[in-house]
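First comes the structure, then the notes that go with it.
This chain uses plain numbering: 1 for the first residue, then up along the sequence. Because the structure is predicted, anything quoted here is derived from the model rather than measured.
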Amino acid sequence: GVKLGIDAMADDSKFFGLGSPTGIDIPGEASGIMPSRDWKKRSQGASWFNGDTINMSIGQGFMLVTPLQLAVMTARLASKGRQVQPRLVKSINGIEQSPIVMPDDFIADDVNWDYIHNAMKDVVHSSRGTARSIGKRMKYLIAGKTGTAQVVSINADEDYDKSKLDKSQWDHALFIGFAPFENPKIALAIIVENGEHGSSAAAPIAKQVIDAYMSSYQVTHQEIIKNKYDKIIISPGPGNPNQSGNCIKIVKALYKKIPILGVCLGHQIIGQVFGSKIIQAKKLMHGKTSVKKSKKIGILKNLPSKFEATR
């Protein structure tokens with residue numbers, strides 16, 4: 001923090017929505033505090049010291065943020081500097097509201113954005129990440145950061161000991177994150193009051209929220225092309241007709257452009273797209289399956305008439 005300096009931190013933080021209202025379309029939003037030399041001189045009547053910079057660099061000291069500001073900051077990190085503003089009202093009486101004019105994007109080299117993104121991904125998906133417990137058996141990648149916010153001050157020569165504090169004075173637990181890592185669609189900030197540890201209290205809640213979003217999210221074939229994917233695996237969940245319908249659209253649009261592998265219900269979808277009839281095993285389990293091939297579709301001509309389908 002001292003090496004970077006308070007002036008650079010205070011100026012650049014403005015691009016991430018810290019220290020001022022986000023502009024959400026409800027009244028009474030708090031602005032938080034992003035301290036600077038001028039702020040301390042005006043509010044405290046004192047000069048700025050290196051110790052203030054160290055505190056500020058880890059979100060301590062005079063700094064104050066709202067949960068919404070943390071979410072906006074995370075969204076701007078995820079989008080590599082694109083200025084986004086939260087809003088609740090999409091339309092009034094069926095009339096779409098005018099788009100919000102945002103300031104210029106925050107410009108930085110991709111190498112710097114990638115460094116931050118990968119570091120946040122490691123928080124969840126590396127063996128030493130503080131939120132690694134939520135990263136097990138996930139079908140997508142999350143980038144995140146755990147944290148705590150002190151409720152009461154502790155002297156420099158003292159250690160935090162919750163047994164000496166009332167529960168209302170325990171640290172708050174924080175987690176910010178975005179997903180999916182490769183193509184972010186959702187960003188959030190979770191604060192658990194007096195939850196103490198972001199890794200055990202806030203991160204699991206964030207995972208539940210993102211899981212719920214991802215279960216309904218449907219990628220489009222335009223996004224697949226835009227992100228230059230070189231292969232696709234189609235494997236929709238059973239009993240989800242909307243997901244299956246979207247998979248059908250993707251196969252129809254891209255089967256001539258990108259290799260597509262169907263897994264489980266995915267091979268049935270591919271067969272359906274090309275006019276083939278899928279004959280499933282009678283038992284409610286994966287086993288011997290046969291395919292009635294369509295002679296008109298060259299992509300299926302080398303498919304064996306019988307095969308083993310396993311999980």
Side-chain angles (χ1 to χ4, degrees), residues 1-26 28-87 100-123 130-131 143-151 153 171-178 184 186-191 198 202 206:
V2 173
K3 187 176 181 179
L4 180 61
I6 182 56
D7 298 321
M9 282 193 286
D11 288 342
D12 289 347
S13 66
K14 297 175 184 176
F15 288 97
F16 295 94
L18 303 179
S20 60
T22 66
I24 191 171
D25 47 346
I26 52 176
E29 183 185 8
S31 62
I33 296 175
M34 177 49 61
S36 64
R37 297 180 193 276
D38 291 339
W39 174 89
K40 188 178 181 184
K41 182 67 73 174
R42 284 186 282 104
S43 63
Q44 308 287 322
S47 299
W48 190 270
F49 299 103
N50 282 343
D52 298 325
T53 303
I54 294 171
N55 279 337
M56 215 282 285
S57 67
I58 60 171
Q60 301 283 359
F62 302 115
M63 185 176 177
L64 291 176
V65 297
T66 68
L68 184 60
Q69 286 175 327
L70 288 177
V72 169
M73 177 193 73
T74 306
R76 293 178 181 178
L77 281 171
S79 63
K80 295 186 175 181
R82 184 170 64 86
Q83 298 297 292
V84 295
Q85 181 173 327
R87 61 187 305 179
I100 300 171
V101 178
M102 296 298 296
D104 294 336
D105 294 346
F106 184 83
I107 305 300
D109 292 336
D110 275 348
V111 64
N112 294 319
W113 290 119
D114 292 343
Y115 183 89
I116 296 298
H117 282 201
N118 286 318
M120 292 178 68
K121 180 185 69 174
D122 286 346
V123 168
T130 53
K145 179 68 180 75
T146 59
T148 56
Q150 284 181 285
V151 177
S153 298
D171 292 344
H172 298 323
L174 279 68
F175 182 85
I176 62 169
F178 63 83
I186 179 175
L188 51 69
I190 301 291
I191 295 182

Residues forming a side-chain hydrogen bond (donor to acceptor under 3.5 Å, both in side chains) with [X], sequence neighbours excluded:
| X | answer |
| --- | --- |
| Arg82 | none |
| Glu29 | Thr22 |
| Asp114 | Lys80 |

Show me, pair by pair, the donor-acceptor contacts under 3.5 angstrom made by side chains of residues 54-66, not counting sequence neighbours?
| residue | atom | partner | partner atom | Å |
| --- | --- | --- | --- | --- |
| Ser57 | OG | Ile54 | O | 2.7 |
| Thr66 | OG1 | Gln69 | N | 3.0 |

Could you go through Met34 and Lys14, starting from their C-alpha distance and side-chain angles, then the distance that decides it, and tell me whether this counts as side chain to side chain contact (heavy atoms under 4.5 Å, CB included)?
CA-CA 8 Å; Met34 177 49 61; Lys14 297 175 184 176; 6.0 Å; no

Distance-only donor-acceptor check, side chains Thr146 and Thr130, under 3.5 Å
yes

Is a side-chain N or O of Gln85 found less than 3.5 angstrom from the main chain of Gly23, in a donor-acceptor match?
yes

Kindly indicate whether the side chain of [X], heavy atoms from C-beta on, has any atom under 4.5 Å from the side chain of [Y].
| X | Y | answer |
| --- | --- | --- |
| Phe106 | Asp12 | yes |
| Gln44 | Trp39 | yes |
| Val72 | Pro86 | yes |
| Lys145 | Phe175 | no |
| Asp110 | Trp113 | yes |

Shortest non-hydrogen separation from Ser13 to Ala10 and the atoms involved:
OG-O, 2.8 Å

Can you sort out the partners of Phe49 under ring-ring contact (aromatic ring centres under 6.0 Å, His included), two or more places apart, ordered by chain and number?
none

His172: what forms a ring-ring contact (aromatic ring centres under 6.0 Å, His included) with it, not counting sequence neighbours?
none

Check the pair Met120 / Phe178 against side chain to side chain contact (heavy atoms under 4.5 Å, CB included), numbers first and verdict last.
CA-CA 9 Å; Met120 292 178 68; Phe178 63 83; 4.0 Å; yes

